[in-house]
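Since this is a predicted model, take the numbers as computed values, not measurements. Counting starts at 1 for both ligands and their atoms, in listed order.
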Amino acid sequence: MVNLHALGGMSGVTFERPAPRFSGKFDSGDCRGLASKFLLTRKILMRKSTAFSGLLVLVLCVSHSFASMRPAHAQKAMVTSVHSLATDAGVEVMRQGGNAIDAAVATGFALAVVHPQAGNIGGGGFMLIRMADGKLHFLDYREKAPAAATVDMYWDKQGNVVPNLSTVGYKAIGVPGAVAGMVMAEKKWGKLGLAKVIAPAIRLAREGFPLPWEYANDFQNKHLGEFPESKRVFQRDGNFYQPGETFKQPELARTLERIAANPDDFYHGQMAEQIAAAVQKGGGILTAQDLASYEVKERQVIHGSYRGYDLYSAPPPSSGGVALVEILNILEKFDLGSLGADSAEAMHLTTEAYRRAFMDRADFMGDPDFAKVPVAQLIDKNYANAWRESINPQHASISKELKRPAGSFNGLDTVARATGSEPDETTHYSVVDPDGNAVSVTTTLNGSFGSAVTADGLGFLLNNEMDDFAAKVGVPNMYGLIQGPANAVGANKRPLSAMTPTIVTKDDKLFLVLGSPGGPTIITTVANVLMGVVDYGLDIQQAVDAPRFHNQWLPDKVMVERKRFSPDTIKLLENDGHTVDERNAYWGDAECIMIDPKTGERLGGHDERHSYGKAAGF
Ligand code: DON
């Protein structure tokens, strides 16, 4: 037994050291395991037609590692991602002597092939790196608005937002940054070079991979069918791919080979011309010049602390790091551990912290190159103390009536209130290498399959990240988020994100690598996993599996994963004045790693909400 009291800062719970996770390898004959995984998948996902059920077992037999309620264990290196083949790509390059950056880039390119819903080269992301010596780097390769973007580009003549214009099709596309970001990371900190780390992705694109049933189902996406190139590539012109069928992407393989040979082609060469032409033919505004002027930004990491742990996370244009630190600052003085995970009391206090941080997000956050974001004030512990004072331990606050604490916070309380929204498909992966270098990456097309536009002849989807702006201040976006003028559409601006790639250390030693997709729920999912470990003494797999709840200020509700909280708890929350919304079966995909402080083992927590990924290492 490991006593987590002894690990400093962790409260109150002991857990048994998990047994090795089937040595990271799955023997495809183990159908007893598959049956239980199948049941778990059915139970958690509660999805779609039972006609797929038999096929699910078949597909799992073909392509999956064994699922576990315990973390994956490895002595030296670990990768966690939403797709087992992308995890394998990262592990493969580390076995060849590559480091965590090589593995992250290999996993990132592989996800662009095996997880086209979100893995991407046509989108953007954030990469947080912590080298073994403690040096931190943050790469912002977020998409930016094309130079021709204007504040009213999604409005009709009456000034109303035109439905779908910022979410589907050519006008929704921002300038992609993913290739530039991954290439820069590889060049600056990788060891193996681009050709070697892209190789697994090229192989997967060329040779294909068996489609899990969820993917075969997802590929029938209505919007993909609206764009001929997407319909051809992902829907075989209407002869839909079936679960277990091998999905090959020869055009994408060729595109990746071109990038490996000359990454500049994407931004300055013939490929840039091809991308711009593919967007403009449908009335989009992205130009080759937009691609040529795209820049990856190295930004200063957000640093906070929580119960003796140091947190490092994403700065603006993500709201993630600031909101995470603010939430935890507010909660730090509450003894959540003794209230207990998922107790109504702990959920109430946590919800109140979420509410306040999301209100600040709406009012203050946007691209720091265009708006002054008061980061230092928002992550100041005194500010959190003042916010905490406004929490009634017995009763829910009303979001619309919530007043920011008055006082010496450089005028934060005087800022005009925004009334605005955010987008649905993103992916996160985490890597730790044998030397202790760690990489936490969240990358996105925004919505599932992004804009649903595939670049002609190039085989990859383009993002719909423009919807992460407030299409109009005060009008909710795809995620129901309200956002302020700081996040209005503007030429060359980066839309505000919620992506929260995070690294946690204790006494300067690597402890956690965290992150998830999920739009605004990313922030609360990361907080939930972190509190699961630090406050509630869960191991990383338990923390990832733990039920999730969310509040984002507006709409004024506590969203909870369906059927994962007891009716008694929900009743208690309602008695406290909360409107509880049991919305989706599940959300997010936390792909996380914990380092055992005693042994240095790498413990991988893969999110069982997605049955086709895995944590693996050596
Ligand atoms: O950057 C953001 O915050 C969004 N584009 C993330 C979207 C997302 O996580 C969708 N995931 N399921």
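Near Thr426, meaning under 4.0 Å from one of its heavy atoms, ligand 1 places the atoms 6 (C), 7 (C), 8 (C), 9 (O), 10 (C), 11 (N), 12 (N). The contact set between ligand 1 and Ile522, taken as ligand atoms under 4.0 Å from a residue heavy atom, comprises 9 (O).
Using a 30° and 60° split on the angle between ring planes, Tyr294 and Tyr267 fall in the parallel class, below 30°. Aromatic ring pairs are classed by plane angle as parallel below 30°, tilted from 30° to 60° and perpendicular above 60°; the pair His303 and Tyr312 is parallel. In this structure, His83 and Phe209 have perpendicular ring planes: the angle between them is above 60°, well past the 30° mark.
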Show the atom names and distances, to 0.1 Å, of all donor-acceptor pairs under 3.5 Å that link a side chain in residues 364-373 to residues at least two apart or in another chain.
residue	atom	partner	partner atom	Å
Asp367	OD1	Asp369	N	2.8
Asp367	OD2	Arg494	N	2.7
Asp369	OD1	Arg299	NH1	3.4
Asp369	OD2	Lys297	NZ	3.1
Asp369	OD2	Arg299	NH2	3.0

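For the side-chain hydrogen bond (donor to acceptor under 3.5 Å, both in side chains) test, residues two or more places apart in sequence or in another chain that qualify with Thr443 are Asn120.
At least one N or O atom of Gly519 sits closer than 3.5 Å to an N or O atom of ligand 1. Inclusion of Ala498 in the set of residues having an N or O under 3.5 Å from an N or O of ligand 1 is warranted.
Nearest to atom 4 (C) of ligand 1 by heavy-atom distance, out of Asp468, Thr443, Thr444, is Asp468.
With a heavy-atom cut-off of 4.0 Å, Arg142 touches ligand 1 through its side chain alone.
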